[in-house]
Protein chains: 2
Amino acid sequence: MESDVSANSRLTIAAHTLTWIGLYQRRGHEVATSEQIATSVNTNPVVIRRLLGELRKAGLADSRRGAGAGWMLARDLAAITLLDVYQAIEPGPVFALHRATPNPECVVGHGIGPAMTAVYDDVEAALRRELAKTTLEDVLRDVLKAA
Amino acid sequence: MESDVSANSRLTIAAHTLTWIGLYQRRGHEVATSEQIATSVNTNPVVIRRLLGELRKAGLADSRRGAGAGWMLARDLAAITLLDVYQAIEPGPVFALHRATPNPECVVGHGIGPAMTAVYDDVEAALRRELAKTTLEDVLRDVLKAA
DNA sequence: TTAGTCGTAACTATAGCTATTACAACCCTA
DNA sequence: TAGGGTTGTAATAGCTATAGTTACGACTAA
């Protein structure tokens, strides 16, 4: 259990999942099951299947049904950045404007939205730039180094 | 109502609040009440008081009690960056590791935590760098320009 | 003494993430 | 063609954070 339970662990789980599949495939297996991945991640197989569904929609993973079914990578680990993963699973922005529209008759209430949006756009861009620097190949290298 | 209601609007509200106080003080008033600010933000005064309580703890705002009570800035708008505000009100990191510890007997489960932590540290650093670039004076300038 | 505001507790509502159960759909293999 | 393992997905519940609201004691200038 981590210190802050509120923040998103989706990116962590997604990176874990894809890295696991990549390593498993390199060891000679064709497909990985959500059951196997869930055992490594320590969660429920359905959580993995749902997440992999989103990753498949983004063109990062693929699945096979029926007997001998399972999941595989759609691209090599080196061709997937954490930004790819982030964009596949993150729905909204990190920061939001007001829930309820602020008073438009007030100077600040009127102008604060655009002003903050400009800042938030820059912040998100910086965040994406940073995530784009790391591929899942890099992640796997770090993982194996720690072993 | 904004498009994504889930993300944090706390930074937006906090910046709005401090900017409002700053402008109000420049117009000759000594203190601003949570009631006035809440009218501009379009929320409940208690929400503003709670937030200003955190900002005061961080040394950004100050309050006076009793009759003629209210809030004032502890520093000039130019001396407050959005990073200051962010650090005063944001509790946790943007990204989290797994809720439940992943399987330590699995290579990936064992090494993924440190690997992702390294990335997340860089991302948070980039985010902070970006927020530090903008002061509330900059925000007020943008706000007045939009009017 | 009074009136206005802060400071804070308590409660409710909403939304997202995670976890879990259940089951139909699918398809390889024997 | 029957069996069995796995995907795909709906439904539900619990937890947490944010937000909104009411209520009321604490404080202090006038």
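Worth saying up front: this structure is predicted, and the values here are computed from it rather than measured. Order of the sequence lines fixes the chain letters, A, B, ..., with proteins taken first and strands second; residue numbering starts at 1 for each chain.
Each end of the helix from C:dT1-D:dA30 to C:dA30-D:dT1 gets its own axis from five base pairs, and the two axes differ in direction by 10°, given to 10 degrees.
Look at B:Asn8 and you'll find a side-chain N or O under 4.0 angstrom from OP1 or OP2 of D:dT18. In terms of phosphate contacts, B:Thr43 brings no side-chain nitrogen or oxygen within less than 4.0 Å of OP1 or OP2 of D:dA19.
The interatomic distance linking B:Arg49 (CZ) with D:dA26 (P) rounds to 16 Å, in whole Å.
Pairs of residues two or more places apart, or lying in two chains, that qualify as salt bridge (Lys or Arg N to Asp or Glu O under 4.0 Å) and include a residue from residues 66-77 of chain A are A:Arg26-A:Asp76, A:Arg75-A:Asp84. The stretch residues 11-21 of chain A participates, sequence neighbours left out, in no salt bridge (Lys or Arg N to Asp or Glu O under 4.0 Å) pair at all. Judged as a side chain to side chain donor-acceptor pair (under 3.5 Å), the pairs with a partner in residues 106-120 of chain B (not counting sequence neighbours) are, in order, A:Thr12-B:Tyr120. Sequence neighbours left out, the pairs with a member in residues 39-56 of chain B that pass salt bridge (Lys or Arg N to Asp or Glu O under 4.0 Å) are B:Arg10-B:Glu54.
Near DNA chain D, meaning a heavy atom under 4.0 Å away, there are no residues from residues 21-29 of chain A. Near-neighbour residues of DNA chain D inside residues 112-120 of chain A, defined by a heavy atom below 4.0 Å, are absent.
Considering only residues two or more places apart in sequence or on other chains, B:Thr33 meets the side-chain contact (heavy atoms from CB on, under 4.5 Å) condition with B:Glu35, B:Gln36. Residues meeting the ring pair (Phe, Tyr, Trp, His ring centres under 6.0 Å) test with B:Trp71, sequence neighbours left out: none.
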Could you list the donor-acceptor pairs under 3.5 angstrom formed by side chains in residues 126-133 of chain B, with sequence neighbours left out?
{"residue": "B:Arg128", "atom": "NH1", "partner": "B:Gln87", "partner atom": "OE1", "Å": "2.6"}
{"residue": "B:Glu130", "atom": "OE1", "partner": "B:Lys133", "partner atom": "NZ", "Å": "3.4"}
{"residue": "B:Glu130", "atom": "OE2", "partner": "B:Lys133", "partner atom": "NZ", "Å": "3.3"}

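Ring pair A:His29/A:Tyr24 is parallel by interplanar angle, where below 30° counts as parallel and above 60° as perpendicular.
Of all non-hydrogen atoms in B:Gly22 and B:Leu73, the two that sit nearest each other are CA-CD1, 3.6 Å.
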Return the polar atom pairs (N/O with N/O) between nucleotides 28-30 of chain D and the protein under 3.5 Å, or none.
{"residue": "D:dT28", "atom": "O2", "partner": "B:Ala67", "partner atom": "N", "Å": "2.9"}
{"residue": "D:dA29", "atom": "O4'", "partner": "B:Ala67", "partner atom": "O", "Å": "3.3"}

Could you list all N or O pairs between the protein and nucleotides 10-13 of chain D that sit under 3.5 Å apart?
{"residue": "D:dA11", "atom": "N6", "partner": "A:Arg50", "partner atom": "NH1", "Å": "3.3"}

